[in-house]
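Data first, discussion second: the structure below is written as structure tokens.
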Amino acid sequence: MLGKIILLGAALSAVTSYVPITLLPSLPLLGNHYPWLPAGRYRSGQTLAARFPVPVGYQRVAVAPGSFGAWLREVPLLPAGTAVHLHNGKLKDRQDVHAAVLDLDVGTRDLQQCADAVIRLRAEYEFSQNPDQVHFHLTSGHDIRFQDWYQGRGFRVEGNEVVPNPKPVEKPDHATFRRYLDQIFTYAGTLSLSKELRPMPLAQVQPGDVLIRGGSPGHAVLVLDVATQPATGRRMVLLAQSYMPAQQVHVLKAGPQPKAGAWFNLEADKQYVYTPEWTFSRNELGRFE
């Protein structure tokens, strides 16, 4: 991803240990698990699972109740036929690469690009479970926790250094959370995100995994869902991305044909994974710990 700031420098003074995610029995999921939505906007018929049934002969892989994969399966979508817009309200040049658009704000700044969209969705899931578990690393390696942020332990960048910067204490509500994420988006990218993920074999792909190439340029695509063919073990996936400039997160089309659909045939024995705007190598799949 271009235009991201690469930081070097001293560590922040307050870094706390990672808190493992607690899986909660949250299926079926309700609208309050997607707290960016206005009250009453969530519609069970406009979710990923509702809009994209599995291909004939396939079945969705099992996901644990309360897991990231379960949360992604019920993520809300905008109505069919919605165009992809940029952060400034203009249309994305290419309107031929998406099968659906997530009902998720992009913000007004050029921040929520590819890795940032992955961070956003993972962070929103964690926020819906326990806001105090949310944390992400900057490209410099500094671990920035939302809990520190809202409790008044902020940071600022001075040249190539990241230094503590006291700030007012805030409520840990979603508005504060979005401000925190915008600062994460400014100083994180594909390089930092790739280091947060555990490499996984393509044949073991699961919902919530990430196809990622860290660097500048780099790219990241989120695996929204996975279906398997019991007789053969073959897997198909639904993928989502943002891109440059920052744009609405969208479900990718599996091919250029008008009726190509959104399910990608993921061939684990092939060298490359082809998506509409990026080609990944087979060893570029990662999973959140």
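Please read these numbers as outputs of a predicted model, since none were measured by experiment.
- Remark: the backbone N or O of Y243 is not paired with any side-chain donor or acceptor of Q113 at under 3.5 angstrom.
- Residues W149 and Q183 meet the side-chain proximity criterion, which asks for heavy atoms closer than 4.5 Å.
- Put simply, OG on S242 and CD1 on I119 are 11.5 Å apart, with the number rounded to the nearest 0.5 Å.
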Before giving the answer on side chain to side chain contact (heavy atoms under 4.5 Å, CB included), spell out for H33 and E124 the whole-Å C-alpha distance, their side-chain angles and the decisive distance to 0.1 Å. CA-CA 8 Å; H33 286 269; E124 290 283 4; over 6 Å; no

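- How far CG of D182 is from CZ of R109: 5.5 Å, rounded to the nearest 0.5 Å.
- The closest side-chain heavy-atom distance from K167 to R156 is not below 4.5 Å.
- The closest donor-acceptor contact from the side chain of Q229 to the backbone of Y58 lies at 3.5 Å or more, if one exists at all.
- Taking all atoms of both residues into account, the shortest heavy-atom contact from T275 to F264 is CA-CE2, 4.2 Å.
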Step by step, would you call D96 with K253 a salt bridge (Lys or Arg N to Asp or Glu O under 4.0 Å)? CA-CA 8 Å; D96 61 338; K253 282 182 62 179; over 6 Å; no

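- One hydrophobic cluster holds both I184 and L104 under the rule that ILVMFWY side chains link at heavy-atom gaps under 4.5 Å.
- Contact detail for R235 and N265: the closest heavy-atom pair is O-OD1, 3.8 Å.
- Side-chain atoms of R287 and Q206 form no donor-acceptor pair, as typed in the model, at a separation below 3.5 Å.
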In sequence, state the C-alpha distance, the side-chain angles, and the governing distance for V251 and L239, and then conclude on side chain to side chain contact (heavy atoms under 4.5 Å, CB included). CA-CA 6 Å; V251 181; L239 303 175; over 6 Å; no

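- Two residues are said to be in side-chain contact when any heavy atoms from C-beta on lie closer than 4.5 Å; M244 and C114 fail this criterion.
- One finds the OG1 atom of T279 at 6.0 Å from the OH atom of Y274 (value rounded to the nearest 0.5 Å).
- Considering every non-hydrogen atom in both P201 and L285, the closest pair reads O-CD2, 3.6 Å.
- Residues V162 and F136 share a single hydrophobic cluster, defined by chaining ILVMFWY side chains whose heavy atoms lie under 4.5 Å apart.
- Inter-residue side-chain proximity for W278 and V221 is flagged as unmet; no heavy-atom pair is nearer than 4.5 Å.
- In this structure, Y125 contributes its side chain and G66 its backbone to a donor-acceptor pair below 3.5 Å.
- Under the 4.5 Å side-chain criterion, counting only non-hydrogen atoms from C-beta, T228 is not in contact with R234.
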Does the side chain to side chain contact (heavy atoms under 4.5 Å, CB included) test come out yes or no for E196 and H137, once each step is laid out? CA-CA 8 Å; E196 304 227 21; H137 290 81; 3.2 Å; yes

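- The two residues V101 and T82 have their closest heavy-atom pair at CG2-O, 3.5 Å.
- Between Y180 and P131, the closest side-chain pair of non-hydrogen atoms is not below 4.5 Å.
- Checking side-chain atoms of T176 against main-chain N and O of Y150 turns up no donor-acceptor pair under 3.5 Å.
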Given D105 and R178, is the salt bridge (Lys or Arg N to Asp or Glu O under 4.0 Å) satisfied, shown in steps? CA-CA 10 Å; D105 65 280; R178 279 295 283 120; 3.1 Å; yes

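- Side-chain contact annotation: R153 with Q151, donor-acceptor N/O pair under 3.5 Å present.
- Following chains of ILVMFWY side-chain contacts shorter than 4.5 Å, one can reach I212 starting from L121, so the two form part of one hydrophobic cluster.
- Interatomic distance, L202 CG to M200 CE, rounded to the nearest 0.5 Å: 10.5 Å.
- The shortest non-hydrogen separation linking A262 to A99 is CB-CB, 3.8 Å.
- Proximity of F146 to H135: side-chain heavy atoms (C-beta onward) are nowhere separated by under 4.5 Å.
- Proximity of a side-chain donor or acceptor of S194 to a complementary backbone N or O of T190 within less than 3.5 Å is detected.
- Residues L86 and V106 form no side-chain contact, since every pair of their non-hydrogen atoms from C-beta on lies 4.5 Å or further apart.
- Annotation for R73 and V61: closest pair NH2-O, 3.0 Å, computed over non-hydrogen atoms.
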Working note: W71 + Y34, criterion ring pair (Phe, Tyr, Trp, His ring centres under 6.0 Å); need CA distance, chi angles, decisive distance, verdict. CA-CA 9 Å; W71 185 90; Y34 307 94; 4.9 Å; yes

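- There is no side-chain donor-acceptor pair under 3.5 Å between Q247 and H87.
- Annotation: R94, atom CZ; neighbour count of heavy atoms from other residues, nucleotides and ligands within 6.0 Å is above 12.
- Both L224 and W36 belong to a single network of hydrophobic side chains, linked directly or stepwise wherever heavy atoms of I, L, V, M, F, W or Y lie under 4.5 Å apart.
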Where do D116 and R120 land on the salt bridge (Lys or Arg N to Asp or Glu O under 4.0 Å) test, with the steps shown first? CA-CA 6 Å; D116 313 293; R120 173 73 188 278; over 6 Å; no

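- In this structure, CZ on F52 lies 6.5 Å from CG on L238, to the nearest 0.5 angstrom.
- Checking E284, Q241, R213 one by one against H219, the side chain to side chain contact (heavy atoms under 4.5 Å, CB included) holds for a single residue, Q241.
- When atom types are taken as modelled, the side chain of D110 and the backbone of A246 share a donor-acceptor pair closer than 3.5 angstrom.
- Here CG of L266 is found 10.0 Å from CG of D269. Values are rounded to the nearest 0.5 Å.
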Report the C-alpha separation of F155 and V163 in whole Å, then their side-chain angles, then the decisive distance to 0.1 Å, and conclude whether the side chain to side chain contact (heavy atoms under 4.5 Å, CB included) test is met. CA-CA 6 Å; F155 71 93; V163 298; over 6 Å; no

Checking H250 against Q95 for the side-chain hydrogen bond (donor to acceptor under 3.5 Å, both in side chains) test, could you report, in this order, the C-alpha distance in whole Å, the side-chain angles of both residues, the deciding distance, and whether it holds? CA-CA 11 Å; H250 45 281; Q95 294 291 327; over 6 Å; no

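- Hydrophobic cluster membership is shared by L37 and V75, with clusters built from Ile, Leu, Val, Met, Phe, Trp and Tyr side chains linked at under 4.5 angstrom.
- Annotation: cation-pi geometry satisfied between R122 and F288 (NZ/CZ under 6.0 angstrom from ring centroid, within 45° of ring axis).
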Hey, mind stepping through K92 and E277 against salt bridge (Lys or Arg N to Asp or Glu O under 4.0 Å) and telling me if it holds? CA-CA 13 Å; K92 176 178 177 172; E277 295 182 290; 2.7 Å; yes

